[in-house]
Amino acid sequence: MIKNRSIITIDDISDDDLNEILTAADEMDRSLKSKKKINILDSRVMCTLFYEPSTRTRLSFESAMHRLGGAVITMADVKTSSVAKGETLADTIRMADAYSDIIVIRHPLEGAARLASRFTSKPVINAGDGSGQHPTQTIMDLYTIKKEIGRLDGLNVVLLGDLKYGRTVHSLILALSKFNANIKLISPPSLRIPEYLINRVKNKKSLEILDTMDGNISDADVLYVTRIQKERFTDPNEYQSLIGSYSINNSVMETMKKTSIIMHPLPRVDEIAPEVDQDPRAAYFRQAANGVPVRMAIVAKVLGGI
Ligand code: NCD
């Protein structure tokens with residue numbers, strides 16, 4: 001049960017919670033499509049605190065809250081808040097606690113969401129903490145895979161790109177390992193997934209660590225592409241040397257299965273060519289759209305509306 005609980009990492013979501021959220025998200029999706037008015041969070045307030053840029057995550061959380069009949073207050077830009085005057089995270093959280101019922105936070109520092117949760121009795125949702133995790137993205141990724149492919153169990157999944165700094169893949173690999181996925185991790189050698197995550201994958205035989213796409217994506221059911229996380233590099237030259245490491249274009253798509261899907265948490269920079277958007281296997285915009293029903297399900301459950 002996630003009622004009144006914070007979601008800081010994907011470990012906060014039990015198997016039962018996940019099943020319940022995926023089912024509820026389907027119901028939310030149906031209600032949205034039928035334009036049925038949902039008012040289950042009437043008079044509840046969400047506070048979104050974004051210390052880092054965001055398009056999809058903040059907007060889909062806010063849209064979800066509005067769609068549930070609730071209201072939103074936001075600090076979308078720290079430059080216009082008292083953070084610019086030197087206010088601590090603790091004090092900002094105390095204010096969010098006073099003004100709202102649920103706090104959604106994104107912050108450049110790993111562990112910031114966990115720290116935030118110590119200064120409030122209200123549930124805190126981690127919307128990305130540095131190179132840590134992004135648990136609600138993982139829930140919508142799983143929802144997308146289930147919707148697109150029809151199942152979650154035993155799939156061949158390739159995670160490609162910046163696996164060192166990319167927080168979405170950090171939460172996703174932990175979830176996938178529970179579903180007996182065969183996982184290929186493809187990244188430049190300097191951007192491999194952190195060892196502590198590899199250690200947590202139950203079946204190590206199901207994991208391959210690679211640095212080239214060549215010959216390694218033709219059996220994939222899911223190709224999950226990520227952006228090189230420019231903002232995490234301390235050395236800009238290192239980032240420059242990694243730009244364009246991988247690029248998915250139509251000729252790469254020809255080597256993939258007809259039944260596969262391409263996912264990406266977005267934003268993309270140059271890792272998926274726009275020509276791929278026309279391919280029915282390009283699922284990334286559908287994935288992003290799933291953010292609303294999935295976050296509706298999560299927020300409604302956390303606030304006890306369903
Ligand atoms: C991702 C993030 O912020 O971690 N975006 C998102 O939430 N959909 C991925 C990224 O920024 O590369």
Side-chain angles (χ1 to χ4, degrees), residues 2 10 13-34 36 56 60 64 67 134-161 168-186 201-203 205-208 213 216-226 248 250 252-266 268 272 276-298 300-301 306:
I2 56 171
I10 197 68
I13 304 295
S14 69
D15 298 351
D16 286 347
D17 293 331
L18 180 68
N19 283 331
E20 282 184 25
I21 294 168
L22 297 184
T23 306
D26 263 335
E27 284 161 22
M28 295 296 176
D29 196 39
R30 273 196 294 278
S31 306
L32 286 173
K33 291 206 169 96
S34 69
K36 207 168 76 194
R56 280 149 288 274
S60 62
R67 299 272 195 213
H134 194 347
T136 63
Q137 176 75 42
T138 291
I139 300 171
M140 65 186 259
D141 292 344
L142 296 174
Y143 179 78
T144 302
I145 295 172
K146 195 163 177 213
K147 198 166 175 181
E148 298 275 331
I149 298 187
R151 65 177 213 279
L152 284 168
D153 218 60
L155 297 170
N156 295 336
V157 182
V158 174
L159 305 181
L160 173 78
T168 68
V169 284
H170 293 174
S171 319
L172 185 58
I173 191 170
L174 297 177
L176 287 172
S177 96
K178 288 194 188 176
F179 289 102
N180 310 307
N182 299 304
I183 307 170
K184 287 182 183 165
L185 300 169
I186 308 179
V201 172
K202 275 187 242 110
N203 179 7
K205 284 202 212 83
S206 67
L207 207 63
E208 276 183 82
M213 287 198 292
N216 289 323
I217 58 170
S218 56
D219 64 346
D221 298 302
V222 177
L223 173 61
Y224 192 100
V225 187
T226 63
I248 308 299
N250 281 345
V252 173
M253 294 301 291
E254 270 171 37
T255 68
M256 296 197 60
K257 290 201 294 193
K258 290 276 166 286
T259 53
S260 63
I261 56 167
I262 314 299
M263 295 174 68
H264 191 307
L266 302 175
R268 67 171 150 182
I272 301 179
V276 177
D277 300 355
Q278 320 307 323
D279 191 304
R281 295 169 292 179
Y284 31 92
F285 295 126
R286 298 192 291 274
Q287 175 187 359
N290 289 336
V292 174
V294 170
R295 289 184 167 121
M296 284 173 80
I298 294 169
K301 286 209 169 279
I306 50 172

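Numbers here are sequence positions counted from 1.
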Quiz item: Between N250 and E254, does a side-chain hydrogen bond (donor to acceptor under 3.5 Å, both in side chains) hold up when you go through it step by step?
Solution: CA-CA 6 Å; N250 281 345; E254 270 171 37; over 6 Å; no
Which pair of heavy atoms, one from [X] and one from [Y], lies closest together, and at what distance?
X    : Y    : value
L266 : A288 : CD1-CB, 4.2 Å
S177 : V201 : CB-CG1, 3.9 Å
R295 : S60  : NH1-OG, 2.8 Å
P135 : S171 : N-OG, 3.7 Å
K257 : S218 : CG-O, 3.2 Å
S260 : M256 : OG-CE, 3.7 Å

Look up atom [atom1] in [X] and atom [atom2] in [Y], then write down how far apart they are to the nearest 0.5 Å.
X    : Y    : atom1 : atom2 : answer
Q137 : T168 : CD    : OG1   : 6.0 Å
H134 : M140 : NE2   : CE    : 7.5 Å
L18  : I139 : CG    : CD1   : 6.5 Å
N19  : K146 : CG    : NZ    : 6.5 Å
R56  : N290 : CZ    : CG    : 13.5 Å

Within-4.5 Å side-chain heavy-atom neighbours: [X] and [Y]:
X    : Y    : answer
M213 : T255 : no
L32  : P293 : yes
T138 : L174 : no
L159 : T226 : no
I145 : F179 : no
L160 : I248 : yes
I261 : Q287 : no
Y284 : T144 : no

Quiz item: Which residues satisfy the salt bridge (Lys or Arg N to Asp or Glu O under 4.0 Å) test with D17, sequence neighbours excluded?
Solution: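 D17 satisfies salt bridge (Lys or Arg N to Asp or Glu O under 4.0 Å) with no other residue.
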Quiz item: Quick one: salt bridge (Lys or Arg N to Asp or Glu O under 4.0 Å) partners of R268, sequence neighbours excluded?
Solution: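 For R268 the salt bridge (Lys or Arg N to Asp or Glu O under 4.0 Å) partners, ignoring immediate neighbours, are D277.
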Quiz item: Can K33 and D29 be counted as an ion pair, charged N to O under 4.0 angstrom?
Solution: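 D29 and K33: salt-bridged.
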Quiz item: Can you list the steps and then say if L22 with L152 is a side-chain contact (heavy atoms from CB on, under 4.5 Å)?
Solution: CA-CA 12 Å; L22 297 184; L152 284 168; 4.1 Å; yes
Please name the residue in the list [options] that meets the side chain to side chain contact (heavy atoms under 4.5 Å, CB included) test with [X].
X    : options          : value
K178 : L142, I10, D15   : D15
S206 : V157, N182, L176 : N182
Y224 : I183, L172, I173 : L172

Quiz item: Counting distance only, does the side-chain N/O of D221 pair as donor-acceptor with the main-chain N or O of L155 below 3.5 Å?
Solution: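 Looks like no, no N/O pair under 3.5 Å.
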Quiz item: Going through the distances and angles, do T136 and V294 end up as a side-chain contact (heavy atoms from CB on, under 4.5 Å)?
Solution: CA-CA 8 Å; T136 63; V294 170; over 6 Å; no
Quiz prompt | Within residues 280-293 or reaching into it, pairs that qualify as salt bridge (Lys or Arg N to Asp or Glu O under 4.0 Å) - sequence neighbours excluded | solution =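 Residue pairs passing salt bridge (Lys or Arg N to Asp or Glu O under 4.0 Å), neighbours aside: E148-R286, D279-R281.
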Practice problem: Kindly determine whether M253 and I262 satisfy side-chain contact (heavy atoms from CB on, under 4.5 Å), including the steps that lead there. | Solution: CA-CA 9 Å; M253 294 301 291; I262 314 299; 3.5 Å; yes
